[in-house]
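See below for the structure under consideration.
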Amino acid sequence: VVKVIPNVNQTLGYDPAAASVKKVASVGITHKVLFGTDFPVFRLQGTQKDFVEAITGDNGPLADLNDREKSLVLSRNINCLLEIAAGVAA
């Protein structure tokens, strides 16, 4: 399942896609969710840090996740996949 939050501008304001990301993340499948952006395409609307703060902040789509779940979504899941891919390629 892939869910895209179109850009920083929408995420910082109202975005129905952000609500659907929140729903997906809240059903216990954070081990299957990957974080990604189209940054720097929309860099004039904010920095990468601004975007991460918006989605993990109090009103963001990932606000209800605990630290472990946020870590999975933001980095650990992709790192695990890359390690598996590196092992297969070796």
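At a threshold of 4.5 Å between non-hydrogen side-chain atoms, the residues Leu65 and Thr30 count as touching.
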Between side-chain atoms of residues 54-64 and protein atoms elsewhere (two or more places apart, or another chain), which donor-acceptor pairs fall under 3.5 Å?
{"from": "Thr56", "atom 1": "OG1", "to": "Val52", "atom 2": "O", "distance (Å)": "2.7"}

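For the atom pair CG of Asn77 and CD of Glu69, the computed distance is 11.0 Å after rounding to the nearest 0.5 Å. Residue Ser71 holds its OG atom at 8.5 Å from CG of Asn79, rounded to the nearest 0.5 Å. In this structure, the separation between CD1 on Ile84 and CG on Leu81 is 5.5 Å, given to the nearest 0.5 Å.
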message = Would Leu72 and Arg68 count as a side-chain contact (heavy atoms from CB on, under 4.5 Å) here? Give the steps.
response = CA-CA 6 Å; Leu72 286 169; Arg68 179 186 168 279; 3.4 Å; yes
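In this structure, the side chain of Glu83 does not engage the main chain of Cys80 through any donor-acceptor pair within 3.5 Å.
Atom CG of Asp67 is surrounded by 12 or fewer heavy atoms from other residues, nucleotides or ligands within 6.0 Å.
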